[in-house]
S.K.: 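This is the structure I have questions about; it appears just below.
Residues: numbered from 1 along the sequence shown. In this text, all values refer to a predicted model and were calculated from it rather than measured experimentally.
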Amino acid sequence: MLPGHDHQARVHPTTAGFWQYHCDGLDRGIGLGELRAYIAYGQERHLSNLEAARWRERLDFEAHLHYPVPLAVELPEPCPEAARIVAGKMRVFVGLRDARFPLDEAFVFAREFAKAYCNLGDDKVRAALSWLERAGVIYRVGTNGRSILWKLTAQDEYVGCKDCA
(Lines give C-alpha, C1' and ligand atoms only; values in the text may rest on other atoms or scores of the structure.)
Protein backbone atom coordinates (compact mmCIF):
# COMPACT_ATOMS: atom_id res chain seq x y z
CA MET A 1 0.00 0.00 0.00
CA LEU A 2 1.21 3.48 -0.78
CA PRO A 3 1.77 5.88 2.10
CA GLY A 4 -1.41 7.89 2.67
CA HIS A 5 -3.51 5.57 0.51
CA ASP A 6 -5.85 3.65 2.79
CA HIS A 7 -8.23 2.50 0.07
CA GLN A 8 -8.34 -0.66 -2.01
CA ALA A 9 -5.88 -1.16 -4.79
CA ARG A 10 -5.50 -3.68 -7.55
CA VAL A 11 -2.73 -5.01 -9.76
CA HIS A 12 -3.45 -6.31 -13.23
CA PRO A 13 -1.56 -7.16 -16.42
CA THR A 14 -1.62 -4.73 -19.32
CA THR A 15 -2.05 -5.76 -22.94
CA ALA A 16 1.71 -5.22 -23.34
CA GLY A 17 2.33 -7.89 -20.69
CA PHE A 18 3.40 -5.61 -17.84
CA TRP A 19 1.77 -5.39 -14.44
CA GLN A 20 0.15 -2.13 -13.34
CA TYR A 21 -0.98 -0.91 -9.96
CA HIS A 22 -4.22 1.06 -9.73
CA CYS A 23 -5.87 2.73 -6.78
CA ASP A 24 -8.42 5.50 -6.31
CA GLY A 25 -5.74 7.88 -5.02
CA LEU A 26 -3.75 7.91 -8.27
CA ASP A 27 -4.88 9.52 -11.48
CA ARG A 28 -3.29 6.74 -13.56
CA GLY A 29 -1.97 3.21 -13.27
CA ILE A 30 1.70 2.88 -12.40
CA GLY A 31 4.27 0.16 -12.98
CA LEU A 32 5.53 -1.97 -10.13
CA GLY A 33 8.96 -0.35 -10.20
CA GLU A 34 7.32 3.04 -9.86
CA LEU A 35 5.22 1.67 -7.00
CA ARG A 36 8.42 0.43 -5.29
CA ALA A 37 9.92 3.91 -5.66
CA TYR A 38 6.82 5.64 -4.26
CA ILE A 39 6.98 3.39 -1.20
CA ALA A 40 10.70 4.11 -0.71
CA TYR A 41 10.21 7.88 -1.11
CA GLY A 42 7.14 7.81 1.13
CA GLN A 43 5.11 9.73 -1.46
CA GLU A 44 4.26 9.98 -5.12
CA ARG A 45 6.85 11.71 -7.26
CA HIS A 46 7.85 12.07 -10.87
CA LEU A 47 10.38 9.46 -12.01
CA SER A 48 12.38 9.57 -15.21
CA ASN A 49 12.32 6.41 -17.31
CA LEU A 50 15.89 5.73 -16.22
CA GLU A 51 15.08 6.04 -12.52
CA ALA A 52 12.00 3.85 -12.92
CA ALA A 53 14.27 1.23 -14.56
CA ARG A 54 16.61 1.30 -11.53
CA TRP A 55 13.64 0.72 -9.20
CA ARG A 56 12.37 -2.16 -11.40
CA GLU A 57 15.82 -3.75 -11.14
CA ARG A 58 15.72 -3.31 -7.37
CA LEU A 59 12.25 -4.86 -7.19
CA ASP A 60 13.39 -7.85 -9.29
CA PHE A 61 16.35 -8.27 -6.92
CA GLU A 62 14.11 -8.13 -3.85
CA ALA A 63 11.83 -10.73 -5.47
CA HIS A 64 14.89 -12.97 -6.11
CA LEU A 65 14.37 -12.75 -9.88
CA HIS A 66 17.65 -10.97 -10.68
CA TYR A 67 21.00 -10.90 -8.92
CA PRO A 68 23.76 -8.29 -9.08
CA VAL A 69 27.23 -8.85 -10.49
CA PRO A 70 29.27 -9.83 -7.42
CA LEU A 71 31.44 -6.73 -6.92
CA ALA A 72 33.85 -7.08 -4.01
CA VAL A 73 33.36 -3.80 -2.15
CA GLU A 74 35.93 -3.81 0.64
CA LEU A 75 35.29 -1.54 3.62
CA PRO A 76 38.07 -0.58 6.01
CA GLU A 77 37.32 -1.04 9.70
CA PRO A 78 35.96 0.56 11.69
CA CYS A 79 33.24 1.41 9.21
CA PRO A 80 30.20 3.47 10.24
CA GLU A 81 26.91 1.61 9.81
CA ALA A 82 25.50 4.21 7.42
CA ALA A 83 28.59 3.91 5.20
CA ARG A 84 28.21 0.12 5.23
CA ILE A 85 24.57 0.48 4.13
CA VAL A 86 25.31 3.02 1.38
CA ALA A 87 28.24 0.99 0.02
CA GLY A 88 26.11 -2.16 0.00
CA LYS A 89 23.26 -0.43 -1.81
CA MET A 90 25.67 1.13 -4.31
CA ARG A 91 27.12 -2.35 -4.97
CA VAL A 92 23.63 -3.70 -5.64
CA PHE A 93 22.67 -0.66 -7.72
CA VAL A 94 25.73 -0.97 -10.00
CA GLY A 95 25.60 -4.75 -10.15
CA LEU A 96 21.95 -4.82 -11.22
CA ARG A 97 22.23 -2.39 -14.14
CA ASP A 98 21.44 -3.99 -17.48
CA ALA A 99 23.94 -4.59 -20.28
CA ARG A 100 23.42 -1.11 -21.77
CA PHE A 101 25.54 0.18 -18.88
CA PRO A 102 29.06 -1.28 -18.91
CA LEU A 103 30.20 -2.37 -15.48
CA ASP A 104 33.01 0.19 -15.45
CA GLU A 105 30.68 3.11 -16.24
CA ALA A 106 30.23 5.85 -13.64
CA PHE A 107 26.81 6.37 -12.08
CA VAL A 108 24.69 9.06 -10.49
CA PHE A 109 23.62 8.39 -6.92
CA ALA A 110 21.83 11.68 -6.23
CA ARG A 111 21.06 12.53 -2.63
CA GLU A 112 17.23 12.24 -2.79
CA PHE A 113 17.53 8.94 -4.64
CA ALA A 114 20.21 7.70 -2.23
CA LYS A 115 18.04 8.53 0.79
CA ALA A 116 15.16 6.47 -0.63
CA TYR A 117 17.30 3.65 -2.03
CA CYS A 118 19.24 3.25 1.24
CA ASN A 119 16.36 4.12 3.60
CA LEU A 120 18.54 6.67 5.39
CA GLY A 121 18.16 10.32 6.31
CA ASP A 122 19.97 13.16 4.55
CA ASP A 123 22.66 13.62 7.22
CA LYS A 124 23.50 9.91 7.26
CA VAL A 125 23.72 9.68 3.47
CA ARG A 126 25.92 12.79 3.29
CA ALA A 127 28.22 11.50 6.04
CA ALA A 128 28.35 8.01 4.51
CA LEU A 129 29.29 9.31 1.05
CA SER A 130 31.96 11.53 2.57
CA TRP A 131 33.40 8.65 4.62
CA LEU A 132 33.35 6.25 1.65
CA GLU A 133 35.11 8.81 -0.53
CA ARG A 134 37.80 9.51 2.10
CA ALA A 135 38.28 5.74 2.55
CA GLY A 136 38.77 5.26 -1.21
CA VAL A 137 35.73 2.99 -1.58
CA ILE A 138 34.11 5.43 -4.04
CA TYR A 139 35.50 8.29 -6.08
CA ARG A 140 34.20 11.15 -8.21
CA VAL A 141 34.72 11.02 -11.97
CA GLY A 142 32.85 14.17 -12.96
CA THR A 143 29.34 15.52 -13.04
CA ASN A 144 26.14 15.02 -14.98
CA GLY A 145 24.38 18.36 -14.73
CA ARG A 146 24.30 19.14 -11.02
CA SER A 147 24.79 15.51 -10.00
CA ILE A 148 28.10 13.88 -9.11
CA LEU A 149 29.21 10.90 -11.19
CA TRP A 150 30.58 8.20 -8.86
CA LYS A 151 32.47 4.98 -9.30
CA LEU A 152 33.12 2.21 -6.85
CA THR A 153 36.78 1.28 -6.72
CA ALA A 154 35.51 -2.30 -6.97
CA GLN A 155 34.18 -1.56 -10.47
CA ASP A 156 37.72 -0.95 -11.72
CA GLU A 157 39.02 -4.02 -9.92
CA TYR A 158 36.23 -6.26 -11.29
CA VAL A 159 36.69 -5.11 -14.89
CA GLY A 160 40.43 -5.84 -14.66
CA CYS A 161 39.88 -9.23 -13.02
CA LYS A 162 40.30 -12.16 -15.45
CA ASP A 163 38.90 -14.71 -12.97
CA CYS A 164 35.78 -12.65 -12.07
CA ALA A 165 33.81 -12.95 -15.31
Side-chain angles (χ1 to χ4, degrees), residues 1-4 30-165:
M1 178 186 311
L2 287 172
I30 60 173
L32 298 184
E34 198 171 3
L35 174 63
R36 176 64 181 88
Y38 285 10
I39 291 168
Y41 283 112
Q43 63 186 10
E44 297 174 47
R45 65 178 279 141
H46 170 75
L47 301 179
S48 69
N49 289 337
L50 185 59
E51 184 178 358
R54 301 294 77 88
W55 285 106
R56 282 191 299 274
E57 292 163 354
R58 169 83 180 260
L59 184 62
D60 285 349
F61 169 68
E62 291 171 341
H64 303 282
L65 299 173
H66 187 72
Y67 298 95
V69 171
L71 293 170
V73 175
E74 308 229 357
L75 301 172
E77 294 297 339
C79 177
E81 185 60 22
R84 190 175 306 285
I85 291 167
V86 170
K89 296 299 184 189
M90 282 181 152
R91 182 189 61 78
V92 168
F93 175 83
V94 169
L96 288 174
R97 294 186 303 177
D98 69 39
R100 292 176 293 168
F101 302 93
L103 188 59
D104 63 344
E105 186 173 283
F107 58 94
V108 171
F109 208 69
R111 184 90 43 82
E112 287 301 311
F113 175 80
K115 288 171 22 183
Y117 204 81
C118 299
N119 194 29
L120 293 171
D122 192 57
D123 290 344
K124 288 190 177 193
V125 168
R126 182 181 304 124
L129 290 171
S130 177
W131 190 92
L132 292 167
E133 187 175 23
R134 285 191 319 275
V137 176
I138 60 175
Y139 63 96
R140 299 168 192 239
V141 296
T143 58
N144 182 3
R146 296 182 334 191
S147 299
I148 298 168
L149 285 170
W150 295 103
K151 280 186 81 175
L152 291 160
T153 303
Q155 288 175 259
D156 298 330
E157 294 165 359
Y158 186 88
V159 171
C161 178
K162 304 258 186 270
D163 298 326
C164 298

S.K.: First locate atom CZ of R140, then atom CH2 of W150, and finally report the distance between them rounded to the nearest 0.5 Å.
M.R.: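 Rounded to the nearest 0.5 Å, the CZ-CH2 separation comes to 4.0 Å.
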
S.K.: Give, for atom CZ of R45 and atom CD of E112, the distance between the pair rounded to the nearest 0.5 Å.
M.R.: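 Between atom CZ of R45 and atom CD of E112 there are 6.0 Å.
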
S.K.: Are the charged groups of R84 and E77 less than 4.0 angstrom apart, N to O?
M.R.: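 Salt bridge flag = yes for E77 with R84.
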
S.K.: I would like to know whether L152 and F107 meet side-chain contact (heavy atoms from CB on, under 4.5 Å); could you show each step before the answer?
M.R.: CA-CA 9 Å; L152 291 160; F107 58 94; 4.3 Å; yes

S.K.: If you measure from CG on N119 to CD1 on I39, what distance do you get to the nearest 0.5 Å?
M.R.: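 Reported to 0.5 Å precision, the distance equals 12.0 Å.
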
S.K.: Look only at the side chain of R97 and the backbone of E105, and say whether a donor-acceptor pair between them is shorter than 3.5 Å.
M.R.: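 Looks like yes, one N/O pair under 3.5 Å.
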
S.K.: How long is the straight-line distance from CG of L75 back to CG of L132, given to the nearest 0.5 Å?
M.R.: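 Rounded to the nearest 0.5 Å, the CG-CG separation comes out at 6.5 Å.
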
S.K.: Return the orientation label for the Y67 and H64 ring planes: parallel under 30°, perpendicular over 60°, tilted otherwise.
M.R.: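 Y67 and H64: tilted rings.
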
S.K.: For residues A40 and A116, report the shortest heavy-atom separation together with the two atoms involved.
M.R.: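 Shortest heavy-atom separation between A40 and A116 comes out as CB-O, 3.7 Å.
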
S.K.: What do you reckon, are the aromatic ring centroids of W55 and Y38 less than 6.0 Å apart?
M.R.: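 That pair fails the under 6.0 Å test.
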
S.K.: Can you establish whether the number of heavy atoms outside K124 located under 6.0 Å from its atom NZ is more than 12?
M.R.: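 Not more than 12 within 6.0 Å, no.
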
S.K.: Does the ring center of F113 lie less than 6.0 Å from the ring center of F93?
M.R.: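 Ring-ring flag for F113/F93: true, centres closer than 6.0 Å.
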
S.K.: Any chance you could measure R134, atom CZ, to L129, atom CG, to the nearest 0.5 Å?
M.R.: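 R134 atom CZ to L129 atom CG measures 11.0 Å (nearest 0.5 Å).
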
S.K.: If you compare all heavy atoms of G136 against all heavy atoms of T153, which two are closest, and at what distance to 0.1 Å?
M.R.: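 In this case the closest contact between G136 and T153 is O-OG1, 2.6 Å.
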
S.K.: Should the pair R58 and Y117 be classed as cation-pi, given the thresholds of under 6.0 Å to the six-membered ring centre and 45° from the axis?
M.R.: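 The answer is yes; both the distance and angle limits are met.
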
S.K.: Could you pull out the closest heavy-atom pair between V73 and A154, with the gap in Å?
M.R.: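 Smallest heavy-atom distance, with atoms named: CG2-CB, 4.0 Å.
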
S.K.: Which atom names give the shortest non-hydrogen contact between W131 and P78, and what distance separates them?
M.R.: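 The pair with the smallest heavy-atom distance is CZ2-O, 3.4 Å.
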
S.K.: Any carboxylate oxygen within less than 4.0 angstrom of a Lys/Arg side-chain nitrogen, looking at R54 and E51?
M.R.: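 No salt bridge links R54 with E51.
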
S.K.: If you round to the nearest 0.5 Å, how far is CZ of R111 from CG of L120?
M.R.: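 If we round to the nearest 0.5 Å, L120:CG and R111:CZ are 12.0 Å apart.
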
S.K.: Mark yes or no for whether Q155, through its side chain, and L103, through its backbone, hold a donor-acceptor pair below 3.5 Å.
M.R.: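 At least one qualifying donor-acceptor pair exists.
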
S.K.: Looking at every heavy atom in both A106 and L149, which two are closest together, and how far apart are they?
M.R.: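 Taking every non-hydrogen atom into account, CB-CB, 4.0 Å.
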
S.K.: What closest approach, in Å, do R91 and V69 show between heavy atoms, and which atom pair accounts for it?
M.R.: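 So the two residues come closest at NH1-O, 4.4 Å.
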
